[in-house]
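Please read these numbers as outputs of a predicted model, since none were measured by experiment. Chain letters run A, B, ... following the sequence lines, proteins first and then strands; every chain starts at 1.
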Amino acid sequence: MSSTVPCAAPAFSDQRRSRSHQWLLLLELCCETKELSQLHSTLVKLSLIRNPHFSARLSLSLSTIDLSYARQLFDQNPDPNAFAYNILIKAYSKTHRPIEALTLFSHMLDEDSPKPNKMTFPFVLKSCSVETGRQVHAALFKYGLETDVYVNNALISMYMKAGSCFRNAMKVFDRMPQRDVVTWNTVIAGLASLGLVKEARDMFDAMPERNVASWNCLIDGYFKQGLIELARELFDRAPVKDVITWNTMVNGYASLDRMEEGRDLFDRMPMGLKDLTSFNLVIDGYSRNEGFEKVLEIFHEMRGLEICPDRFTLVSVLSACSNLSALEQGKWVHLYVKRLNIKLDAVLTTALIDMYAKCGNMERALDVFVHTEKKDISVWNSVISNLGLHGYGKEALEFFFQLLETDVCPDEITFLSILTACRHSGLVEEGRMYFDLMSRKYDITPKAKHYGCMVDILCRAGLLDEAKALIEAHSGEEFSVATWGALLDAASRLGNVEMGEYAAKPLLELDPKDTRCYVALSNLYSRGKEWDESAEVRKQMRRRGMEKLPGCSSIEVNGVVHEFQVGSAFNTLDEIV
DNA sequence: TTAGGGTTAG
């Protein structure tokens, strides 16, 4: 029969193969829904979509770009094979809806469905809680996959993540007929993340062959347990250091608030190795430690290297701008977002509104708010709190009423913002009303900060006895320095010595070095002409080597942030002019 | 298998 095949067939087939190859290449190269949708139509027109190679490649490309489109395609397929299932299961396992992956997997268990294979299980296990994971583990045996290395690695990972099940993970490890370097690394990472660093180190020492990830896993594990010296020692000894090794170190130091060492390593990272993550780690570290000038400095360096910031970078930078009142740089970020067509999600919008408001430009803040289509509660909170902070108490309340007309639900921050607004505008009656409303109608239990705010509202109105009663009725709360401070300030202002002493006691316990407390108490005694007490307080202050700290502030001029202290205005002005 | 992740509340 073979002799009857026409001679021209190989050439014809080569041609077709080459054309098929081109289609597949094209499908692989597409990175936008629009392009893939056009290719999809063409494949349908040419009836090529029935070819499983093409439809599979199309689904694969779509699954990373537009999952709902990929799902549509899958649902239209009357006879999906295991590959088609695996593509979607893998894609869903990476989303916040892993339940979809499990639903698809359960379809595969039906008699007339394609059988799950060794590519299916790792992604199913990734989507599982440990309870479901146990059932999936049992199902492996039915398909003869209990010895597969990839599947077992996923099992170990699943049990390790459940924490209390790490013994199950070790059982899987012990029973594996073959292990690879990933198996060992998964165990090391799992043990280390559970705080079992000694056991992780034993595995690291015992493993037959290490790769750079093995070193990275253990370094990270040491940092997570605060074992900085051991992490550093391992880093210095590591034969190969990749970008993750360096970033793990930067992150380790930053997460333990050791920014000097983190920055030192960041600066020493080989040129060309620093990536967006390296920058985000160091920016985030500075941001958490209130090193806002440094945030802007690093951001500047990043732009110089033409590394594109992502939304995480931009949010941290906007937050730094808010804290430094750096309006020009904040505006630059806003323009950048517009120019690159970056989607303004809730977090970015909130940060943007806050930046404009904190830089004193409430109009622009409101403009961003008005142009936000879908207003998340954090977006509302940002506007309400900033209106309140700027003394626009009534306007803050108006926005709150508008909010109540939408289907967005106020949260505890909304009420804190409302109470702050009442506090800044002296709205005592309204304060009482909303304080009551939050628990009565919205089922939000007031926290120490809410009580603190309410106490301050009452104190500012001179209602010290009511404030004290509120504190005493909620003695279980841990009131902050600010709350006791508010009571002390008010007592001091009104010359109420008894109340001043009542507030000073817990205040000094909370922060024995709080100079304001000594100053307020001393002034209070002076006003009451209790000179001996007043002198005693000042003496105590000196004995403890304390001085009253000068207040400080900052402004931005021509994109440069200047900080100045009370009493140094002339120096600062010279510097600016 | 290994690094990271944001906003609003003084």
For [X] and [Y], does a side-chain donor sit closer than 3.5 Å to a side-chain acceptor?
X: A/Asn153; Y: A/Thr186; value: no
X: A/Asn280; Y: A/Thr277; value: no
X: A/Asp220; Y: A/Thr248; value: no
X: A/Arg201; Y: A/Tyr222; value: yes
X: A/Asp310; Y: A/Thr313; value: yes
X: A/Asn247; Y: A/Asp275; value: yes
X: A/His137; Y: A/Tyr159; value: yes

Tell me what [X] touches on the nucleic acid: a base, only sugar-phosphate, or nothing, going by heavy atoms under 4.0 Å.
X: A/Thr277; answer: base
X: A/Lys224; answer: sugar-phosphate
X: A/Asn386; answer: nothing
X: A/Asp345; answer: base

Taking A/Ile283's backbone N and O only, do any of them form a donor-acceptor pair with A/Ser287's side chain (distance below 3.5 Å, no angle check)?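 Not at all, since once roles are kept as given, no pair shorter than 3.5 Å links the two residues.
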
Among pairs that include at least one residue of residues 235-282 of chain A, which meet ring pair (Phe, Tyr, Trp, His ring centres under 6.0 Å), considering only residues two or more places apart or in two chains?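 Qualifying pairs: A/Phe223-A/Tyr253, A/Phe235-A/Trp246, A/Phe266-A/Phe279.
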
Ring pair (Phe, Tyr, Trp, His ring centres under 6.0 Å) partners of residues 280-324 of chain A, not counting sequence neighbours, each pair once: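 Residue pairs with at least one partner in residues 280-324 of chain A: A/Phe299-A/Trp332.
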
Would you say a side-chain N or O of A/Lys274 is under 4.0 Å from OP1 or OP2 of B/dG4?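 No, because none of the side-chain N or O atoms of A/Lys274 sits under 4.0 Å from OP1 or OP2 of B/dG4.
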
Hey, is the side chain of A/Ser316 poking within less than 4.0 Å of OP1 or OP2 on B/dG6, counting only N and O atoms?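 No, A/Ser316 has no side-chain N/O under 4.0 Å of OP1/OP2 on B/dG6.
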
Quick one: [X] [atom1] to [N] [atom2], roughly how many Å, whole number?
X: A/Lys447; N: B/dG10; atom1: NZ; atom2: P; answer: 14 Å
X: A/Tyr434; N: B/dA9; atom1: OH; atom2: C1'; answer: 19 Å
X: A/Met259; N: B/dG4; atom1: CE; atom2: C1'; answer: 13 Å
X: A/Ile156; N: B/dT2; atom1: CD1; atom2: P; answer: 13 Å
X: A/His450; N: B/dA9; atom1: NE2; atom2: C1'; answer: 8 Å
X: A/Asn153; N: B/dT2; atom1: CG; atom2: P; answer: 11 Å
X: A/Leu419; N: B/dT8; atom1: CG; atom2: P; answer: 19 Å
X: A/Ile283; N: B/dG4; atom1: CD1; atom2: C1'; answer: 12 Å

Of the options [options], whose atoms approach the side-chain atoms of [X] most closely?
X: A/Asn280; options: B/dA9, B/dT7, B/dG4; result: B/dG4
X: A/Cys217; options: B/dT8, B/dG10, B/dT2; result: B/dT2
X: A/Ala213; options: B/dT2, B/dG4, B/dG10; result: B/dT2
X: A/Ser382; options: B/dA3, B/dG5, B/dT8; result: B/dT8

Using the test ring pair (Phe, Tyr, Trp, His ring centres under 6.0 Å), find all partners of A/Tyr442 that sit at least two apart in sequence or belong to another chain.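 Listed in chain order: A/Phe415.
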
Could you tell me if the ring centre of A/Tyr92 sits under 6.0 Å from that of A/Phe123?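 No, they do not, as the ring centres are separated by 6.0 Å or more.
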
Nearest 0.5 Å please: distance from the OG atom of A/Ser480 over to the CG atom of A/Leu507.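 Here the interatomic distance stands at 9.5 Å.
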
Enumerate the residues from [range] whose closest heavy atom to DNA chain B is under 4.0 Å, giving them by residue number; use none for an empty result.
range: residues 178-203 of chain A; answer: A/Val182, A/Asn185, A/Thr186
range: residues 349-378 of chain A; answer: A/Thr350, A/Asp354, A/Lys358, A/Ser378
range: residues 235-255 of chain A; answer: A/Ile244, A/Asn247, A/Thr248, A/Asn251

